[in-house]
Amino acid sequence: MKIKALYAGSFDPLTKGHYDIIQRASKICDELVVGVIVNPQKKPYFHIQKRKELIEGATKEFDNVKVESFSGLLADYVNDNGFNVVVRGLRNGQDFENEIPMAQLNAKLYNNQVETIFLMTSPEHAFISSSMVREVAQLNGNVKELVPANIYEELKKL
Ligand code: COA
């Protein structure tokens, strides 16, 4: 069976932690879609179209990676678009605690037709989050080591 996987998130912006998950997930999936979501609980920093373009730029070397955007319920997007795997990254115990109930609830919404798989974030990226990147960048701190090069260039312009 071919693996068509979704890696969803706000990616505001994509960090090296996300990039690491994409790189590793792309090796175990036939097709990986990075799904950029409008999260109504978060105020966006980059417009959704810009986030999508930046991720396309950062991941262009991967032939089996595509970038899409969506809104609404994750499970609806997964069910409606023929995904059979959802990829999530785990940085620490707190992520684990948050992810387990979400994966269990989603499993019901997927009618048990889709597996959520977890990749452990590489230790050198475990402390990174998009909000920390935004905060440091806004205060003119150096985020070069935290984000892919094209995103670093974009953050420098702001
Ligand atoms: N490396 C670096 N940072 C990471 C990371 C990794 N491997 N994994 C997660 N993060 C960071 C993200 O950058 C984000 O940081 P921020 O809060 O500072 O912006 C934070 O961890 C949370 O990431 P994530 O859990 O992926 O949240 P999200 O908002 O990016 O996306 C969805 C979460 C898309 C899965 C969730 O909002 C969703 O499913 N929404 C749709 C509505 C829905 O279906 N709800 C019911 C869910 S059961």
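Nothing here was measured: the structure is a model prediction, and the numbers come from that model. Because only heavy atoms are used, hydrogens play no part in the values below, and waters and symmetry mates are left out as well, while side chains stay in.
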Salt bridge (charged side-chain N to carboxylate O under 4.0 Å, His left out) involving [X] - partner list, sequence neighbours excluded:
X	answer
K16	none
E56	K52
E115	none
D30	none

With a 3.5 Å distance limit and no angle check, can you tell me whether [X] reaches the backbone of [Y] through a side-chain donor-acceptor pair?
X	Y	value
S130	P13	yes
S122	H125	no
Q113	N111	yes
D12	F46	yes

Same apolar cluster: [X] and [Y], side chain cutoff 4.5 Å:
X	Y	answer
V34	I117	yes
I55	L158	yes
I3	F118	no

Give the other cluster members for L105, using side-chain heavy-atom distances under 4.5 Å between Ile, Leu, Val, Met, Phe, Trp and Tyr residues; answer none if it is isolated. L73, L109
Rest of the hydrophobic cluster containing Y110 (Ile/Leu/Val/Met/Phe/Trp/Tyr, side-chain heavy atoms under 4.5 Å)? L6, V33, I37, F70, L74, Y77, V78, F83, V86, V114
Non-neighbouring partners of N106 that pass side chain to side chain donor-acceptor pair (under 3.5 Å), sequence neighbours left out: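 For N106, no residue satisfies side chain to side chain donor-acceptor pair (under 3.5 Å) once neighbours in sequence are set aside.
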Considering residues at least two apart in sequence or located in another chain, which fulfil the side chain to side chain donor-acceptor pair (under 3.5 Å) criterion with E99?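 Testing E99 for side chain to side chain donor-acceptor pair (under 3.5 Å), a comparison that skips the adjacent residues, returns R88.
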Exercise answer: donor-acceptor pairs, residues 143-157 side-chain atoms, under 3.5 Å, sequence neighbours excluded:
| unit_1 | atom_1 | unit_2 | atom_2 | d |
| --- | --- | --- | --- | --- |
| N150 | ND2 | L54 | O | 2.9 |
| E154 | OE1 | K157 | NZ | 3.2 |
| E154 | OE2 | K50 | NZ | 3.3 |

How long is the span from the CG atom in L14 to the OG1 atom in T59, to the nearest 0.5 Å? 8.0 Å
To the nearest 0.5 Å, what is the distance between CG on N39 and CD1 on I48?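 Rounded to the nearest 0.5 Å, the CG-CD1 separation comes to 10.0 Å.
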Counting C-beta onward and ignoring hydrogens, is there a side-chain heavy-atom pair between [X] and [Y] closer than 4.5 Å?
X	Y	value
N84	M1	yes
E68	K66	yes
R51	S10	yes
E31	K2	no
Y45	V133	no

Test ring pair (Phe, Tyr, Trp, His ring centres under 6.0 Å) applied to F127 - qualifying residues, sequence neighbours left out: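 Partners of F127 under the ring pair (Phe, Tyr, Trp, His ring centres under 6.0 Å) test: none.
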List, one per line, each side-chain donor-acceptor pair under 3.5 Å for residues 21-28, sequence neighbours excluded.
| unit_1 | atom_1 | unit_2 | atom_2 | d |
| --- | --- | --- | --- | --- |
| R24 | NH1 | D20 | OD2 | 3.0 |
| R24 | NH1 | M120 | O | 2.9 |
| R24 | NH2 | M120 | O | 2.9 |
| S26 | OG | I22 | O | 3.4 |
| S26 | OG | Q23 | O | 2.8 |

Please say whether more than 12 non-hydrogen atoms of neighbouring residues, nucleotides or ligands are located less than 6.0 Å from CG in N142.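 Atom CG in N142 is packed in, count exceeds 12.
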Worked check of side-chain contact (heavy atoms from CB on, under 4.5 Å) between S131 and K42: CA-CA 10 Å; S131 50; K42 292 185 180 177; over 6 Å; no
Evaluation steps, side-chain contact (heavy atoms from CB on, under 4.5 Å), between V67 and V36: CA-CA 7 Å; V67 188; V36 190; 3.9 Å; yes
Selection residues 5-39 - residue pairs positive for ring-ring contact (aromatic ring centres under 6.0 Å, His included), sequence neighbours left out: Y7-F11, F11-H18, Y19-F62
What one should report as the nearest heavy-atom pair of I128 and G17 is CD1-N, 4.3 Å
